[in-house]
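One-based numbering, in listed order, for ligands and for the atoms of each.
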Amino acid sequence: MNVRVRIAPSPTGNLHIGTARTAVFNWLYARHYQGTFILRIEDTDQERSRPEYTQNILDGLSWLGMNWDEGPFFQSQRLHLYQAAIQKLLDQGVAYRCYCTSAELDEMRAAQKTCGEAPRYDNRHRHLTPAQEAAFQAEGRQPVIRFMIEDDQAITWPDLVRGSMHWQGRDLGGDMVIARATASGEIGQPLYNLAVVVDDLDLQITHVIRGEDHIANTAKQILLYEALAGAIPEFAHTPLILNSEGRKLSKRDGVTSISDFQEMGFIAPALANYMTLLGWSPPDPTQEIFSLSEAAAHFDFERVNKAGAKFDWDKLDWLSSQYLHDEEKLSLSALTDALIPYWQQVDYDFDPIAERPWLEQLSLLIRPSLVRLKDAVAMTEFLFTRELTWTDEAQKQLRQDGAETALEGIVNQLDSQAELSAQTAQDCINQTVKDHNLKKGLVMRSLRAALTGDLHGPDLLESWLLLHQRSEDLKRLQKALDFACSHAG
Ligand code: GLU
């Protein structure tokens with residue numbers, strides 16, 4: 001099957017999770033059929049479009065692995081195509097200039113509201129005479145160009161997700177605006193529905209896959225395809241992404257753009273995996289972890305839900321940890337590369353090149369506890385810092401009876417070790433327990449408090465070895481010992 005699909009974001013904000021999920025579905029469909037995935041930037045809204053948003057969108061799609069085969073096409077560079085199409089519609093007599101002022105439109109809607117009718121344009125300027133047009137122009141009115149929609153026109157299409165769809169022309173709000181025009185009536189900036197149809201025809205799009213919030217637009221666009229005598233593509237309207245209250249995920253829910261997720265410490269394959277599950281289920285529903293290419297092998301619209309997809313942070317975190325913990329999905333070296341920027345961002349003291357082996361060891365230590373990359377910042381602070389502080393709990397531990405003896409024992413043992421290894425570190429602890437007849441738990445807790453400043457954290461021996469490599473252990477033990485001495489008894 002020949003498949004040409006597109007993602008068509010508007011650069012009026014950063015790449016939104018909803019748009020990115022639509023991109024994923026388009027990409028999967030294209031890859032499933034060895035088709036073509038096209039990127040088009042819909043920047044006709046000059047006031048709200050910004051180059052930095054375009055950049056954010058391109059970066060976000062690339063980061064997710066949504067590599068496009070054609071484009072990016074920019075609508076702002078294709079105005080001649082839209083103008084030609086609008087002229088064609090004007091020439092055919094199915095489009096016309098409407099000179100209504102916004103005050104008149106408001107009045108029209110207010111009157112409709114009073115009668116309990118849905119607001120719509122009442123098509124009043126459909127058949128203006130040249131003299132009427134000239135009079136409006138003489139008044140300085142700025143027209144728009146409208147496309148005629150007949151009330152009794154039925155519009156149907158077989159939606160690949162939602163099945164058979166039916167619309168009635170009368171439910172589309174009257175003749176629709178397809179372009180602005182200059183005061184003298186020349187064709188100006190095209191509007192979304194017109195530009196999309198012209199582009200989708202020009203790019204020979206075979207399947208329009210987009211969010212269900214575009215369903216009413218589809219009905220209007222089908223009328224435009226017919227008027228322009230173009231081949232109507234297939235449509236697939238995907239479910240919206242909802243928040244925990246079942247409403248469309250929006251800015252109010254906090255993070256919504258792909259760069260936010262990236263910054264929070266999700267890695268691209270985990271996020272892409274999660275997004276695939278937002279509305280699609282694999283043939284084996286128990287298989288929740290898969291790569292994009294695995295998903296592409298099975299992707300079809302039969303397995304896309306009609307109901308909205310609830311965004312589930314717990315599930316995303318679970319998936320994220322599955323990726324971060326698995327050496328096959330993310331090698332230790334790649335994990336370390338991914339963590340370094342987070343440590344740099346908070347100005348931890350390290351040399352990324354000279355201390356690379358140490359950093360990898362550290363990554364290995366915390367890997368099993370990571371849910372998001374960013375967690376590494378808090379988890380490893382005690383390893384990087386040159387000024388360790390103790391939590392209240394740790395201070396309490398250092399004041400305990402026996403803590404001083406335990407620490408003193410460890411310091412002496414450490415002195416006598418030529419080299420610290422997992423084995424010799426263990427020996428230091430065992431010998432201290434034995435020599436001073438102490439409880440092992442007390443020695444371990446005191447050691448942890450002294451070395452890490454806390455009573456909880458990653459493996460103690462591994463942490464000790466890491467600190468030893470930076471010559472931080474003896475210093476910390478002595479400082480804790482001084483504290484324990486001064487508070488003993
Ligand atoms: N620019 C539209 C959007 O961002 C694209 C809709 C479409 O795919 O036709 O929602």
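- Sorted by first then second residue, the ring-ring contact (aromatic ring centres under 6.0 Å, His included) pairs that include residues 178-230, not counting sequence neighbours, are Tyr29-His207, Tyr192-His214.
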Legend entry - Check against side chain to side chain donor-acceptor pair (under 3.5 Å), Ser10 and Arg48: CA-CA 9 Å; Ser10 306; Arg48 293 171 57 226; over 6 Å; no
Considering only N or O atoms, set out every pair between ligand 1 and the protein closer than 3.5 Å, with distances to one decimal place.
from: ligand 1; atom 1: 1 (N); to: Ala8; atom 2: O; distance (Å): 2.8
from: ligand 1; atom 1: 1 (N); to: Ser10; atom 2: OG; distance (Å): 2.8
from: ligand 1; atom 1: 1 (N); to: Glu42; atom 2: OE1; distance (Å): 2.6
from: ligand 1; atom 1: 4 (O); to: Ser10; atom 2: OG; distance (Å): 3.4
from: ligand 1; atom 1: 8 (O); to: Arg6; atom 2: NH1; distance (Å): 2.7
from: ligand 1; atom 1: 8 (O); to: Arg6; atom 2: NH2; distance (Å): 3.4
from: ligand 1; atom 1: 9 (O); to: Arg6; atom 2: NH2; distance (Å): 2.9
from: ligand 1; atom 1: 9 (O); to: Tyr192; atom 2: OH; distance (Å): 2.8
from: ligand 1; atom 1: 9 (O); to: Arg210; atom 2: NH1; distance (Å): 2.7
from: ligand 1; atom 1: 10 (O); to: His214; atom 2: NE2; distance (Å): 3.0

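- When ring centroids are compared, Tyr274 and Phe311 come within the 6.0 Å threshold.
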Inset, instruction - With side-chain contact (heavy atoms from CB on, under 4.5 Å) as the test, would you mind laying out the steps for Asn123 and Arg146 before giving the verdict? - result: CA-CA 9 Å; Asn123 306 345; Arg146 288 186 186 266; over 6 Å; no
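- Using bins of under 30°, 30° to 60° and over 60° for the plane-to-plane angle, the ring pair Phe266/Trp313 lands in the tilted bin.
- Ion pairing between a basic and an acidic side chain is recognised when a charged N comes within 4.0 Å of a carboxylate O; Arg6 and Asp199 show no such pairing.
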